[in-house]
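Here's the structure we're looking at; comments come further down.
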Amino acid sequence: MFKKSGRTLLRQPPQSSAQRPSQPILKSPREIQIMREAGRIVARVHASLKEAILPGVSTWELDQIALEVMQKYDASSAFIGYRGFPAHICASINDELVHGIPSKDRILKRGDIISIDIGAHYRGFIGDSAWTYGVGEISEKATELLRVTEDSLYAGIKQSKVGNRIVDISRAVQQHVEGQNLHVVREYTGHGVGRQMHEAPQVLNYVAGDADGNYVLPVGLVIAIEPMVQRGTWQTRTLKDNWTVVSKDGSLTAHFEHTVAITNNGPEILTIA
Ligand code: MG
Ligand code: MG
């Protein structure tokens, strides 16, 4: 692993293929239909949270809303209990990149940005999607960070077609972000997703010459593409709670993720309403 310290949690750090024995698990049309439903539930949770994200709201309240929506659709959180994670969603504010733990003490303020990562387990499969939201009006720099990160996700999705390689996705994300003088995090990656939250292949957000980068995308592959972008540096560190990952220099961070199926008709985003 390239990661120097900290625990490896909801997103995996880059791994060599020798450390990752599993092969990509392709999904049948029937399985993708279930994943479509799982993805739709994730999108509904995001829609509810988007409305609830206001100044004065705690991240614990957001966690409770997420739980209620998942339960309403007979889904459960794929995060709670995962390697001991203590909440239903990840809620990461400003310089916090990923794995923020919802808390009654974390109250949103006007001008904050908050990244919400949601994994829903439904009929044996997982949908995984993250989004960064502004709390009320946000700064121009924050707005730009969100726009560039979201656009880089779609640049990656556009490359998610049969016959392309994983590295085509990685390159598209990296070029889009670095072309805007922002920084792609390297310590956490996208991934295959299905019955397990983290399946092969890993999907880097930068070109690294890794073995998985050479993997040619087949019909039936489902991957979570998830650019993580920071204003000041690509480097991160983990806080003393052993979960919350922040930018090393305290600069703002953003995280956009969709679960995407590779089909004969091109990429299909599963985590939409
Ligand atoms: Mg996620
Ligand atoms: Mg993910």
Side-chain angles (χ1 to χ4, degrees), residues 3 7-15 20 22 24-25 27 35 38-47 49-50 59 62-63 66-67 69-70 75-83 85 87-92 96-102 114-122 125-133 149-150 152-154 156-157 160 166 169-170 173 184-206 212 221-229 236 243-245 253-262 267 269-272:
K3 192 169 169 57
R7 294 166 63 188
T8 64
L9 304 163
L10 301 179
R11 256 147 310 285
Q12 298 170 310
Q15 295 175 326
R20 192 183 37 71
S22 58
I25 301 166
K27 279 75 184 177
M35 293 195 74
R40 190 174 297 136
I41 294 167
V42 171
R44 284 168 172 158
V45 179
H46 268 296
L49 293 183
K50 185 180 180 182
T59 53
L62 299 178
D63 191 74
L67 172 62
V69 178
M70 285 191 235
S76 59
S77 167
F79 292 174
I80 193 162
Y82 186 84
R83 304 189 192 190
F85 188 75
H88 301 93
I89 59 171
C90 297
S92 310
E96 299 171 355
L97 175 69
V98 290
H99 305 165
I101 301 171
I114 178 169
S115 298
I116 303 283
D117 197 353
I118 299 167
H121 211 273
Y122 177 74
F125 287 89
I126 288 168
D128 188 8
S129 172
W131 218 255
T132 304
Y133 301 96
T149 311
E150 182 178 355
S152 77
L153 168 62
Y154 289 108
I157 291 171
S160 305
I166 292 288
I169 301 170
S170 310
V173 170
V184 172
V185 169
R186 299 173 181 226
E187 293 157 305
Y188 301 88
T189 79
H191 49 89
V193 56
R195 290 187 183 277
Q196 304 295 324
M197 186 147 58
H198 293 134
E199 299 181 354
Q202 66 180 0
V203 184
L204 300 184
N205 294 308
Y206 64 104
D212 285 7
L221 183 72
V222 181
I223 50 178
I225 302 174
E226 50 181 311
M228 287 159 254
V229 177
T236 65
W243 284 104
T244 312
V245 176
T253 70
H255 181 200
F256 285 76
E257 173 184 35
H258 269 312
T259 297
V260 177
I262 311 302
I269 300 172
L270 300 181
T271 36
I272 54 173

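In listed order, ligands and their atoms are each counted from 1.
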Thr259 vs Ile223 side-chain heavy atoms within contact, under 4.5 Å: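 Heavy-atom side-chain distance check fails, nothing below 4.5 Å.
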
Which is the closest N/O/S atom of Glu257 when seen from the Mg ion (ligand 1)? OE1

Between atom CG of Asp63 and atom CD1 of Ile118, what is the distance when rounded to the nearest 0.5 Å?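 It comes to 10.0 Å.
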
Roughly how far apart are Thr271 OG1 and Met35 CE, rounded to 0.5 Å? 9.5 Å

Restricting to N, O or S atoms of [X], which is nearest to the Mg ion (ligand 2)?
X      : result
His191 : NE2
Glu226 : OE2
Asp128 : OD2

Decide whether Glu96 and Thr244 meet the rule of one side-chain donor and one side-chain acceptor closer than 3.5 Å. no

Quiz question: by atom type and distance under 3.5 Å, do the side chains of Thr132 and Ser115 form a donor-acceptor pair?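 Note: Thr132 and Ser115 side chains meet the donor-acceptor criterion.
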
Is the Mg ion (ligand 2) under 2.8 Å from any N, O or S atom of Asp117? no

